[in-house]
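Contents: one structure, followed by commentary.
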Amino acid sequence: MSLTDKDFAIGNDASAGEIARLNAELKKLNRQVKQYEDLIERNKSIYAAKQKLSEVKSAEQMRLRQYMNLLLANSPDIILMFDTHGRFTYSTDAFLKKLHLDNFALINGRNYKEVFTLFADRQWIDDLAEQFANAMTEKASITLERSADVGNMGDLRYYKITFTPMVGKSGKTEGALAIFHDVTEERNAQEAAIQASSAKSDFLANMSHEMRTPMNAIIGMTNIGRTAVDIEKKDYCLGKIADASTHLLGVINDVLDMSKIEANKLELSITDFDFEKMLLKITNVLAFSIDAKKLTFTVKIDPAIPAFIQSDEQRLAQVITNLMSNAIKFTPEGGSIKLIANRVGRDKENDISYIQVSVSDTGIGISPEQLGRLFTSFEQADNSISRKYGGTGLGLVISKKIIELLNGTMKVESAVDEGSMFTFMIPAKRGVGKGKFTLPKGIGWNNIRVLAVDDSEETRDYFRSTSDVLGFRCDIARDGMEALEMIEKADSSYDVIFVDWKMPVMNGIELTRKIRERYLENAVVIMISATEWHVIESEAKAAGVNGFIPKPLFTSTLTDTINECLSIEEHMEQAGVSKLSNETRFDGVRILLAEDIEINREIVIGLFENTGAIIRSAENGVVALRMFKENPDDYDVIFMDIHMPEMDGYETTRQIRALDFPIAKTIPIIAMTANVFSKDIERCLAVGMNDHVGKPLNASEVMEKLELQLKSNPARP
């Protein structure tokens, strides 16, 4: 609104000055009106903005209340509020659900002591109430841990309970807040960590004992042997040193395998191998321990298992050896052990057999409590057993991990004082290998006649089943007298006679002597026994025994023996042991040995001392390369250490392969190193080496690898 001239009555007689004053006043009033109008508009805008802000704040507060309600409703913690008299004023749904209550109204206004009787006893409640009362008096929060089964579901949980008095601005206590936070998982994890730490400490203490014990034997026997004059005493000391060294190596291997398992770096090397011969190697290694405790040892192999399978031979042998060693260790003298392998299923489409291997014993057994810890890292079933029998406690953990890596499973059945049976099952594809059970040219299995003499029904059954599988004729005798009658009445002579050494009335040696005297002077007689050959060798040879194979019997050993007997039949008129017992010979084989450590050179030279091989040594790669370059045709094979000064084995091999001599491309080079991981072996092969043997050296492995390389070398005549 603005003022105009019409709003004022100005007479005609008004002076010009008055008119001017009045106009000025009019303009001033117009300005003031305009200012008031603007102020009113601004106030309207401010009011509208405040109104909108209030609405926004109200909506925000509503959302916050909704979020708070959702938070409390979904909180895993139990949150409770009480008034100053301990009566319920609030509870989260978590508490109501635990108590199976439909709504808060059922406990609203009730004292918490009364409500807590729904899940706790009086002592638990009184103890908690005392703590709460102290907190209220001191107006300070307290935190304590208590266990409770709030839902009465048989699920005891651990709670961290925080009780806080709610004090207003005036300092007056208005009520209290209690929060029950479930710490069961954290507590269990903490206890597990403490137990693991304790287990590792115990493990390290045990490991120290396991390492120091053989080291003490090695050092002690070395000192005794050094001063001993009697050769038998020295041999005794050397034997003890060898046993202790083997044990120490086993401990070291377990620790290395366990470290790889912990780092998830345990690797497999899948190859084709002869399954039965792998088992044979294992039993040969353990035969002495079995015989020393006079244990009855039985092996049964399902003929349906393929002769060659694809798997990790070394790791599989490690598992079976471990199970067998445990069976021997925990079975008292005179007990029995069984090794059984069966094919329990087959995937014909992929030619995969499911092979189950079980090792059972009549030993001390395992309690249910001990079974629960059997496959736990760094723990043993019973520390007292470890102290009595020895061992690192890692073998079963490692074995189970290996089987799992092979896509298999492992289980154990046992009872205290009733023995144990460990069983594993793995899938294995049929492997490729040379034909088994072959005979000299022109001879068929159906033309061979065998006599087996043994008082053990199990052994007789074995010969029957083997002859059925292979097709040779086999007569069975229970004792020496029955065998002599069968020989006398036979319409034709037997090609091979297998005779058990230990039989009642007439033992195998006496039976052999009578066979030689009465009937078959030139017959091939093979003795079978669980006793070590050296124990009976002299007497057996004198009686006319031609050869020996140990129990338990394996089809491959049996057929190899028959094969060899038929191959050398024309020489059987000479009494003595068959070629099966001859030492390995490498007459005239020229070996270049590259090894920087003197004692290692002495060990290799000692291994070949009685084999007829000729060894020339080089103390590093530079010398080895020079010796080969100067006379390349003077060597048939090279044993190459890896870690040497000046030039290592890798570089030496590269430079040898790069030489212009034809033999440099074909001469077998065998790595000889303590680096035995698969990546180390692969690196050796990648630079041009042909094979690999690990340190400490195993004599039979060295001989086997050398023989294999010499046979496969086209440059060797």
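Predicted model only: the values in this text are computed from it and were never measured. Residue numbers count from 1 along this sequence.
- When every heavy atom of Ala664 is checked against every heavy atom of Leu659, the shortest pair comes out as CB-CB, 3.9 Å.
- Phe661 and Phe628 have perpendicular rings, their planes meeting at more than 60° on a 0 to 90° scale where under 30° would count as parallel.
- From Ser617, atom OG reaches atom CZ of Phe639 across 12.0 Å, with rounding to the nearest 0.5 Å.
- Two residues are said to be in side-chain contact when any heavy atoms from C-beta on lie closer than 4.5 Å; Val357 and Leu339 meet this criterion.
- Put simply, the side chain of Ile398 does not reach to within 4.5 Å of the side chain of Lys401, judged on heavy atoms.
- Aromatic ring centres of Phe498 and Phe463 lie closer together than 6.0 Å.
- Taking 4.5 Å as the limit, some side-chain heavy atom of Ile337 sits within range of a side-chain heavy atom of Ile328.
- Under the 4.5 Å side-chain criterion, counting only non-hydrogen atoms from C-beta, Ser311 is in contact with Phe273.
- Atoms OG and CZ, on Ser353 and Arg343 in that order, are 4.5 Å from each other to the nearest 0.5 Å.
- Remark: Arg683 qualifies as a cation-pi partner of Tyr650 under the 6.0 Å distance and 45° angle criteria applied to the six-membered ring.
- For the atom pair CD1 of Ile642 and CG of Asp596, the computed distance is 11.5 Å after rounding to the nearest 0.5 Å.
- Atom NZ of Lys300 has 12 or fewer neighbouring heavy atoms from other residues, nucleotides or ligands inside a 6.0 Å radius.
- Ile526 has its side chain out of reach of Val499: every pair of non-hydrogen atoms, C-beta onward, lies at least 4.5 Å apart.
- A pairwise comparison of heavy atoms in Gly621 and Thr652 identifies CA-OG1, 3.1 Å as the closest pair.
- Pairing each heavy atom of Leu708 with each of Asp691, the nearest pair is CD2-OD2, 4.3 Å.
- Of all non-hydrogen atoms in Ile591 and Leu706, the two that sit nearest each other are CD1-CD2, 4.1 Å.
- For Glu539, the CD atom sits in a loose shell: 12 or fewer heavy atoms of surrounding residues, nucleotides or ligands are nearer than 6.0 Å.
- More than 12 heavy atoms of other residues, nucleotides or ligands shown are found within 6.0 angstrom of CG on Asn350.
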For side chain to side chain contact (heavy atoms under 4.5 Å, CB included), just list the numbers for Met410 and Ser399, CA-CA rounded to whole Å, side-chain angles, deciding distance to a tenth of an Å, and then say yes or no. CA-CA 9 Å; Met410 177 178 283; Ser399 296; 4.1 Å; yes
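- Of the candidates Ile355, Ile320, Leu406, Phe424 forms a side chain to side chain contact (heavy atoms under 4.5 Å, CB included) with just one, namely Ile320.
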